[in-house]
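A quick write-up on the structure given underneath.
This one's a predicted model, so the numbers in the text were calculated from it and none came from an experiment. What you see below is based on every heavy atom in this structure, not just the backbone, and it leaves out hydrogens, waters and symmetry mates.
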Amino acid sequence: MTNPNEYRTHANFIRELGNDYMGREFREFEVDEYNSKVLAFLLYYFNGCQLAEKVFPNENYKVHKNLLLVGNSGTGKTMLMQIFSDYLRLTRNPNSFENLSVTQMMNYYKMKGHIDLYSYNEGQSKGFKPEPFNICLNDIGLETENQKSYGTSLNSVIDEFLYARYEIYQQFNKKYHITSNLSVDEFDNRFGKRLIDRFKSFNVIPLLGNSRRK
């Protein structure tokens with residue numbers, strides 16, 4: 001990624017994938033003042049290039065950390081992670097990850113009574129040798145409708161996910177990323193001291209601007 005031509009080729013591929021998503025709504029994927037630097041950071045980051053750490057020089061972002069994308073609903077957080085998930089899979093990048101929504105995780109929990117598939121990967125684990133994979137949990141936030149549907153179990157399952165994935169990150173170096181419409185302060189209020197140390201392992205990246213949903 002240090003070669004400008006190589007970077008441009010990959011950046012154009014990202015834009016094509018974005019256009020594929022937005023084309024379903026007969027719109028183009030917009031690269032603007034709000035997301036251009038985030039896109040550059042993510043492209044370097046997922047390719048393990050330390051130039052990522054220079055995109056936002058005033059931040060202490062590190063390539064080895066996980067990602068926490070925060071911003072108002074509609075600013076494009078989940079879509080960006082969908083685009084990069086496709087990009088990493090198509091380029092056979094070892095940093096590829098699976099996307100998971102809070103709703104999907106909770107529906108699985110309601111059926112199984114646990115979330116082992118999304119922590120230690122129950123389908124591939126053999127005895128005491130788990131096979132966890134990189135993952136992105138999307139849409140942690142002020143889930144008013146989900147809260148009504150799932151009750152207090154929603155908070156406890158999200159906590160369980162974060163505890164388990166932090167352990168996996170430490171032991172197996174498998175990443176776990178998050179998108180959320182909670183602000184950093186709301187995260188502090190939501191998780192408090194129980195999980196605050198875990199969030200030191202994240203690059204907290206705000207996605208600004210108005211909603212891209214039209």
Side-chain angles (χ1 to χ4, degrees), residues 42 45 59-82 84-85 95-125 127-207:
L42 293 176
Y45 169 87
E59 303 291 343
N60 190 32
Y61 294 156
K62 299 296 181 183
V63 172
H64 69 269
K65 290 186 176 183
N66 304 295
L67 299 175
L68 170 54
L69 270 63
V70 297
N72 293 333
S73 297
T75 50
K77 306 175 297 296
T78 300
M79 185 178 67
L80 281 186
M81 296 307 280
Q82 290 171 336
F84 274 92
S85 178
N95 292 314
S96 61
F97 60 88
E98 297 293 331
N99 270 304
L100 171 70
S101 72
V102 168
T103 301
Q104 288 173 311
M105 183 173 71
M106 290 306 300
N107 286 339
Y108 184 89
Y109 175 80
K110 286 173 71 175
M111 291 188 297
K112 302 287 187 176
H114 58 77
I115 55 168
D116 292 352
L117 176 63
Y118 305 121
S119 53
Y120 288 97
N121 189 9
E122 64 176 4
Q124 298 298 320
S125 299
F128 293 100
K129 296 181 180 180
E131 296 285 344
F133 47 81
N134 300 321
I135 198 166
C136 178
L137 180 61
N138 291 294
D139 308 323
I140 290 183
L142 306 174
E143 307 99 340
T144 53
E145 291 304 316
N146 283 344
Q147 192 73 56
K148 293 176 185 176
S149 300
Y150 301 123
T152 56
S153 63
L154 175 64
N155 289 340
S156 62
V157 172
I158 291 176
D159 285 359
E160 180 184 342
F161 173 87
L162 294 174
Y163 275 115
R165 292 303 312 196
Y166 180 75
E167 184 177 87
I168 291 166
Y169 169 68
Q170 295 286 70
Q171 292 185 10
F172 301 96
N173 195 29
K174 293 295 182 179
K175 298 283 185 66
Y176 66 115
H177 311 301
I178 295 172
T179 70
S180 176
N181 62 0
L182 293 174
S183 68
V184 175
D185 288 341
E186 287 169 333
F187 253 106
D188 287 345
N189 293 332
R190 160 69 177 80
F191 295 103
K193 295 180 179 179
R194 292 170 299 127
L195 290 169
I196 201 66
D197 286 341
R198 273 89 175 148
F199 286 102
K200 294 177 182 177
S201 69
F202 284 90
N203 297 306
V204 182
I205 304 173
L207 205 58

Quick check: do Ile158 and Met105 have side-chain heavy atoms less than 4.5 Å from each other?
yes
Can a donor-acceptor pair be found, under 3.5 Å and without considering hydrogens, that links the side chain of Lys77 to the backbone of Asn181?
no
pair Tyr166-Ile168: side-chain heavy atoms closer than 4.5 Å:
no
Heavy-atom pair of closest approach, residues Val204 and Pro206
O-CD, 3.6 Å
Just to verify, what does Asn72 make a side-chain contact (heavy atoms from CB on, under 4.5 Å) with, not counting sequence neighbours?
Thr75
Closest contact, heavy atoms only, His177 versus Tyr45:
CE1-OH, 3.3 Å
To the nearest 0.5 Å, what is the distance between CG (Asn95) and CZ (Phe84)?
12.0 Å
Determine whether Ser153 and Lys110 make a side-chain contact, defined as any pair of heavy atoms from C-beta on separated by less than 4.5 Å.
no
Kindly indicate whether the side chain of Lys174, heavy atoms from C-beta on, has any atom under 4.5 Å from the side chain of Arg165.
yes
Are Leu137 and Val102 packed together at the side-chain level, in the sense that at least one heavy-atom pair is separated by less than 4.5 angstrom?
yes
Using distance alone, with no hydrogens and no angle criterion, decide if Asp139 and Thr103 have a side-chain donor and acceptor under 3.5 Å apart.
no
Test side-chain contact (heavy atoms from CB on, under 4.5 Å) applied to Glu160 and Tyr118, step by step
CA-CA 11 Å; Glu160 180 184 342; Tyr118 305 121; over 6 Å; no
Any chance you could measure Asn99, atom CG, to Asn134, atom CG, to the nearest 0.5 Å?
11.5 Å
Under a 3.5 Å distance rule, please check whether Tyr109 uses its side chain to pair with a backbone N or O of Leu154 as donor and acceptor.
no
Measure the spacing between CG of Asn138 and CE of Met79 and express it to the nearest 0.5 Å.
12.0 Å
Out of Asn66, Ile135, Leu67, which one pairs with Lys175 under the side chain to side chain contact (heavy atoms under 4.5 Å, CB included) rule?
Asn66
Side-chain touch Glu131/Phe172, heavy atoms, less than 4.5 angstrom
no
Centroid separation under 6.0 Å, is that true for the rings of Phe202 and Tyr176?
yes
Go through Glu98 and Phe133 one step at a time and tell me if the side-chain contact (heavy atoms from CB on, under 4.5 Å) criterion holds.
CA-CA 8 Å; Glu98 297 293 331; Phe133 47 81; 3.9 Å; yes
Could you please spell out the steps behind the side-chain contact (heavy atoms from CB on, under 4.5 Å) verdict for Leu207 and Thr179?
CA-CA 10 Å; Leu207 205 58; Thr179 70; over 6 Å; no
Distance-only polar pair, side chains of Tyr163 and Glu167, donor-acceptor under 3.5 Å
no
Could you tell me whether the side chain of Tyr61 reaches within less than 4.5 Å of the side chain of Ile205, counting heavy atoms only?
yes
Are Tyr108 and Leu100 side-chain neighbours, meaning at least one heavy-atom pair lies under 4.5 Å?
no
Smallest heavy-atom separation, Ser119 atom then Ala164 atom, equals CB-CB, 3.9 Å
Minimum heavy-atom distance Ser201-Lys65, with the two atoms named
O-CB, 3.3 Å
